[in-house]
Amino acid sequence: MKLFNRIFQLASVLLVFTISVFAQSNGKITGKITFGDIQKTLSNATVRLVQLNRAVVTDSEGNYEFTNLPKGRYTILAHQEGFIDLAKNVVLVAGATAGVDFQMSLIGVRAQVIVTPTGSEESTFEALQPTETVSSNKILERNNGGFADALIDEPGVNKRSATPASSRPVIRGFDGDRVLVTTDGLRIGSIASQSGNHAEPIDVLSLERIEVVKGPGTILYGSNALGGVVNAVSRHEDELHRGTSGYFSVLGSNNSRQAAASGGVEQSFGNFMVW
């Protein structure tokens, strides 16, 4: 019995020693994620450790931490919606702490955000319904003042018009009251769907993007959306922000000697926004 107790005590000591050595040999990776040269911290950014398939999110100060890591070479990915994904490699020494910071930049016009299909923001990749997005840059590149003309190169989209100014989208052969046109998700209520002589009251140059939704999910918007939904997203922000923001867009052509321009300014006054 005494021999058994001695063996058990020895095994316990060895186990504790092994755990202690193992804990001391493991290291950690810490860092901070900021935005651009202004060094503004980014909270709730996702940081992934590729080799171990572990992920954490940054705190309110933009800090993250991976603990209890064995030594080795690791790849760290930083992701935040609306920013360019970044990746860095780091070699972790046993028992050491490695610091890996990220300075992220905006993804710009390459960001594809869909709000029409579900009513909440989601990326194009995550959208289950067939959806296309036409960015403001693409609208200017196509150099068309008509609403439907800005969509003419999108798959399954055509147009009908009495004049270029009164063009309206035709989606997969559906026209008129079978294609719903909205602005920031709200019905416009125009009679353009009933008459080809009337135009949709939308300033194309003032838009941030145009979304085209197709498929069975469009019936959520009523019987007059069976063909599809076209949502014009303005540059106006719903949330209060401090300071001044705005836009200015212009296009023209030398063959017709015509040009068009559109501009807007958004200014905050206390708890009020003026657009």
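All of these numbers come straight from a predicted model, not from anything done at the bench.
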Could you see if [X] belongs to whatever hydrophobic cluster contains [Y]? Use Ile, Leu, Val, Met, Phe, Trp, Tyr and a side-chain cutoff under 4.5 Å.
{"X": "L77", "Y": "I29", "value": "no"}
{"X": "L52", "Y": "V47", "value": "yes"}
{"X": "V170", "Y": "L226", "value": "no"}

Looking only at heavy atoms, what is the nearest atom pair of [X] and [Y], with distance?
{"X": "S60", "Y": "T41", "answer": "O-OG1, 3.9 Å"}
{"X": "Y74", "Y": "L49", "answer": "CB-CD1, 3.8 Å"}
{"X": "P169", "Y": "D175", "answer": "O-OD1, 4.2 Å"}
{"X": "A150", "Y": "V134", "answer": "O-CG1, 3.8 Å"}
{"X": "N68", "Y": "P70", "answer": "O-CD, 3.9 Å"}
{"X": "L205", "Y": "Y247", "answer": "O-CE1, 3.7 Å"}

Under a 3.5 Å distance rule, please check whether [X] uses its side chain to pair with a backbone N or O of [Y] as donor and acceptor.
{"X": "N224", "Y": "R178", "result": "no"}
{"X": "R168", "Y": "V179", "result": "yes"}
{"X": "T58", "Y": "N44", "result": "yes"}
{"X": "E211", "Y": "V230", "result": "no"}
{"X": "N26", "Y": "T67", "result": "no"}

Atom [atom1] of [X] and atom [atom2] of [Y]: how far apart are they, to the nearest 0.5 Å?
{"X": "M273", "Y": "S268", "atom1": "CE", "atom2": "OG", "result": "5.5 Å"}
{"X": "K214", "Y": "I171", "atom1": "NZ", "atom2": "CD1", "result": "7.5 Å"}
{"X": "N63", "Y": "L42", "atom1": "CG", "atom2": "CG", "result": "11.5 Å"}
{"X": "R73", "Y": "L92", "atom1": "CZ", "atom2": "CG", "result": "12.5 Å"}
{"X": "Y64", "Y": "I33", "atom1": "OH", "atom2": "CD1", "result": "6.5 Å"}
{"X": "F66", "Y": "R48", "atom1": "CZ", "atom2": "CZ", "result": "8.5 Å"}

Is any side-chain heavy atom of [X] less than 4.5 Å from a side-chain heavy atom of [Y]?
{"X": "K71", "Y": "V93", "value": "no"}
{"X": "V50", "Y": "I76", "value": "no"}
{"X": "V233", "Y": "D184", "value": "yes"}
{"X": "V274", "Y": "F269", "value": "yes"}
{"X": "K159", "Y": "L151", "value": "no"}

Test log, rule salt bridge (Lys or Arg N to Asp or Glu O under 4.0 Å), inputs K32 and E61:
CA-CA 8 Å; K32 190 170 188 175; E61 300 297 326; 5.1 Å; no
Test applied, side chain to side chain contact (heavy atoms under 4.5 Å, CB included); reference residue, M104; option that passes from I84, L86, T34:
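Among I84, L86, T34, the one that satisfies the side chain to side chain contact (heavy atoms under 4.5 Å, CB included) with M104 is L86.
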Check against side-chain hydrogen bond (donor to acceptor under 3.5 Å, both in side chains), E200 and S190
CA-CA 7 Å; E200 296 288 355; S190 70; 2.7 Å; yes
Verdict with supporting geometry, V90 and T75, side-chain contact (heavy atoms from CB on, under 4.5 Å):
CA-CA 7 Å; V90 60; T75 300; over 6 Å; no
My understanding is that only residues two or more places apart in sequence, or in another chain, count here; which of them pass salt bridge (Lys or Arg N to Asp or Glu O under 4.0 Å) with K88?
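K88 satisfies salt bridge (Lys or Arg N to Asp or Glu O under 4.0 Å) with no residue once adjacent residues are dropped.
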